[in-house]
Student: 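Mind having a look at this structure? Questions to follow.
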Amino acid sequence: MRLATPAGFATEVFLLEGPDAALLPEGPWTLVGDQRLRAAWAQAGMPEPEHALWVSVPEEEKRLGTVIPWLEHWARVPLHRDATVVALGGGVLSDLTGLAAALFLRGVAWQVWPTTLLAMADASLGGKTGADLEAGKNLVGAFHAPRRLVACTDLLESLPGRQLDNGRWELIKTALIQGEMDWALDMLREGPIKLPWVERALAFKAGVVHRDPRESGERRLLNLGHTLGHALEAASGYQLLHGEAVGMGLAAACFLAEEQGLKPFPDEVLGALARRLAPLAHLAAPWEACLPLLARDKKAERGPGQGAGQGVGQGAGPAGTAIQIHCILPRPGESAVQRVLPPQAWESSHARLLSLLHQEGVRA
Ligand SMILES: NC(=O)c1ccc[n+]([C@@H]2O[C@H](COP(=O)([O-])OP(=O)(O)OC[C@H]3O[C@@H](n4cnc5c(N)ncnc54)[C@H](O)[C@@H]3O)[C@@H](O)[C@H]2O)c1
């Protein structure tokens with residue numbers, strides 16, 4: 001099934017059960033695939049180009065250095081400007097392959113065939129490619145939209161349950177951005193992932209990134225749950241998976257929204273969030289570990305402020321400036337809103353999150 005996308009959208013989006021070779025590039029192409037998928041790809045009758053690279057790239061190796069041998073390989077083959085690179089894997093592999101495609105010969109076309117739920121529901125769409133630096137995640141990259149996204153749900157069969165749950169949080173995020181409490185509750189319950197959820201999330205993201213490709217306005221809403229989420233993820237030493245950390249960030253964002261005077265969330269939704277997150281409570285870092293990470297957020301800004309008397313760890317920059325971060329606040333029944341707040345604004349919602357998770361953990 002080809003999903004409807006806005007007129008002129010850079011990426012054709014397909015959602016299928018099994019892979020279909022007819023959707024591979026028509027001209028010359030090569031592949032960078034996760035080696036875990038090699039057998040499944042062959043079993044599905046999919047062709048393997050002569051110079052394919054089958055790799056295994058953990059998040060710790062999502063570095064520029066990882067793609068240099070790929071670029072050298074393509075130059076030796078050689079791959080020409082008319083070639084298309086196909087990425088087959090999760091978000092780490094697709095972010096790196098997209099980046100390599102953006103760099104090679106100053107940009108060759110690429111397709112993405114995501115194989116994790118997180119990559120299907122989020123990472124593959126929107127044209128963001130990237131690698132991590134010592135100083136933080138995704139600090140280097142390029143906007144380079146894939147020509148085609150082909151999400152095949154059969155490829156998720158081998159994905160471990162924790163990775164599936166990880167992707168489920170990005171779907172739940174989409175429902176909360178839109179204020180769709182019933183949809184969020186449906187996804188928070190136990191039960192299998194449903195294809196229409198993925199379809200709905202992709203359609204929503206396609207609309208947002210088409211209207212705001214460079215994240216100067218509406219696209220920032222997609223960061224719901226990511227502000228505190230990124231800090232919790234890093235503070236856990238990456239023991240928390242990205243989606244799990246975003247799940248905690250979503251719950252904290254609900255609390256912060258309430259503290260900022262927005263509409264309270266139904267107890268049913270907060271209870272369902274807590275039940276899903278409680279098994280991860282032991283990985284939620286204390287506030288003191290999160291604050292410096294929040295202040296270093298990629299999207300942080302320095303604005304006029306108190307300066308003197310506040311240390312960096314307290315969320316302040318050089319004298320005369322105070323750090324402000326973009327925060328996305330969800331609202332039941334309505335679209336989320338954006339607010340610029342100091343990192344300290346998250347302290348009480350972080351405390352409420354931890355207390356809720358521990359209470360729920362005791363009850364479970
Ligand atoms: N570009 C974007 O807009 C965007 C958005 C969100 C996240 N991301 C990035 O995505 C990355 C996380 O992606 P992820 O959650 O897909 O993790 P991942 O790519 O690390 O994959 C998780 C694990 O699952 C394995 N795997 C992949 N598919 C499998 C399958 N079908 N069966 C069995 N194992 C499989 C991988 O080898 C890996 O070990 C992060 O680096 C994040 O920054 C990018």
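We count ligands from 1, going down the list as the structure has it; atoms in each ligand are counted the same way.
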Student: Students should be able to answer this: which protein heavy-atom is nearest to atom 35 (C) of ligand 1, and at what distance?
Tutor: Leu159 CD1, 3.6 Å

Student: Could you tell me whether a side-chain N or O of Lys173 sits under 3.5 Å from a main-chain N or O of Val246, the two making a donor and an acceptor?
Tutor: no

Student: At less than 4.0 angstrom from any non-hydrogen atom of Leu37, what atoms of ligand 1 do you find?
Tutor: 28 (N), 29 (C), 30 (C), 31 (N)

Student: I need the nearest protein heavy-atom contact for atom 23 (C) of ligand 1: residue, atom name and distance, please.
Tutor: Gln163 NE2, 3.8 Å

Student: What atoms in ligand 1 come closer than 4.0 Å to a heavy atom of Asn166?
Tutor: 15 (O)

Student: Give the residue, atom name and distance (to 0.1 Å) of the protein heavy atom nearest atom 36 (C) of ligand 1.
Tutor: Asp34 OD2, 3.2 Å

Student: Hey, which atoms in ligand 1 end up nearer than 4.0 Å to a heavy atom of Lys137?
Tutor: 40 (C), 41 (O), 42 (C), 43 (O)

Student: Tell me whether the count of non-hydrogen atoms from other residues, nucleotides or ligands lying under 6.0 Å of CD in Gln260 goes above 12.
Tutor: yes

Student: Under the criterion salt bridge (Lys or Arg N to Asp or Glu O under 4.0 Å), which of Arg331, Arg352, Lys263 is the partner of Glu258?
Tutor: Arg352

Student: Tell me, which protein residue and heavy-atom name are nearest atom 18 (P) of ligand 1, and how many Å apart are they?
Tutor: Val92 CG2, 3.9 Å

Student: Could you list the atoms of ligand 1 found under 4.0 angstrom from a heavy atom of Lys62?
Tutor: 9 (C), 40 (C), 41 (O), 42 (C), 43 (O)

Student: Do Trp183 and Gln178 meet the criterion of a side-chain donor-acceptor pair at a distance under 3.5 Å?
Tutor: no

Student: Which atoms from ligand 1 have a heavy atom of Ser158 less than 4.0 Å away?
Tutor: 30 (C), 31 (N), 32 (N), 33 (C)

Student: Donor-acceptor check, side chain of Thr11 to backbone of Leu149, threshold 3.5 angstrom: yes or no?
Tutor: no

Student: Nearest non-hydrogen atom to atom 9 (C) of ligand 1 belongs to which of Thr115, Asp95, Leu118?
Tutor: Asp95

Student: Do me a favour and list the nearest non-hydrogen protein atom to atom 5 (C) of ligand 1 with residue, atom name and distance?
Tutor: Ala123 CA, 3.4 Å

Student: Of the protein's non-hydrogen atoms, which lies at the shortest distance from atom 40 (C) of ligand 1, and what is that distance?
Tutor: Glu59 OE1, 3.2 Å

Student: Quick one: does Lys128 get an N or O within less than 3.5 Å of an N or O on ligand 1?
Tutor: yes

Student: Which atoms form the tightest heavy-atom contact between His51 and His73, and what is the distance?
Tutor: O-NE2, 2.9 Å

Student: Only heavy atoms of Thr116, strictly under 4.0 Å: list the atoms of ligand 1 that pass.
Tutor: 14 (P), 16 (O), 21 (O), 27 (C), 28 (N)

Student: Can you classify the ring geometry of His230 versus His242 as parallel (below 30°), tilted (30 to 60°) or perpendicular (above 60°)?
Tutor: tilted

Student: For salt bridge (Lys or Arg N to Asp or Glu O under 4.0 Å), just list the numbers for Arg276 and Asp165, CA-CA rounded to whole Å, side-chain angles, deciding distance to a tenth of an Å, and then say yes or no.
Tutor: CA-CA 9 Å; Arg276 238 181 205 283; Asp165 285 344; 3.7 Å; yes

Student: Could you identify the single nearest non-hydrogen protein atom to atom 31 (N) of ligand 1 and state the distance to 0.1 Å?
Tutor: Leu155 O, 2.8 Å

Student: Would you mind listing which atoms of ligand 1 come within a distance below 4.0 Å of any non-hydrogen atom of Gly91?
Tutor: 10 (O), 11 (C), 13 (O), 14 (P), 16 (O), 19 (O)

Student: I'd like to check which ligand 1 atoms, numbered from 1 as shown, lie under 4.0 Å from a non-hydrogen atom of Asn138.
Tutor: 43 (O)

Student: Return the closest protein heavy atom for atom 38 (C) of ligand 1 as residue, atom name and distance.
Tutor: Arg36 NH1, 3.8 Å

Student: Using every non-hydrogen atom in the two residues, find where Trp41 and Pro47 come nearest and quote the distance to one decimal.
Tutor: NE1-O, 2.9 Å

Student: Are the side chains of Pro19 and Val150 in contact, using a 4.5 Å heavy-atom criterion?
Tutor: no

Student: Taking the six-membered ring for Trp, are Trp287 and His350 parallel (under 30°), tilted (30 to 60°) or perpendicular (over 60°)?
Tutor: tilted

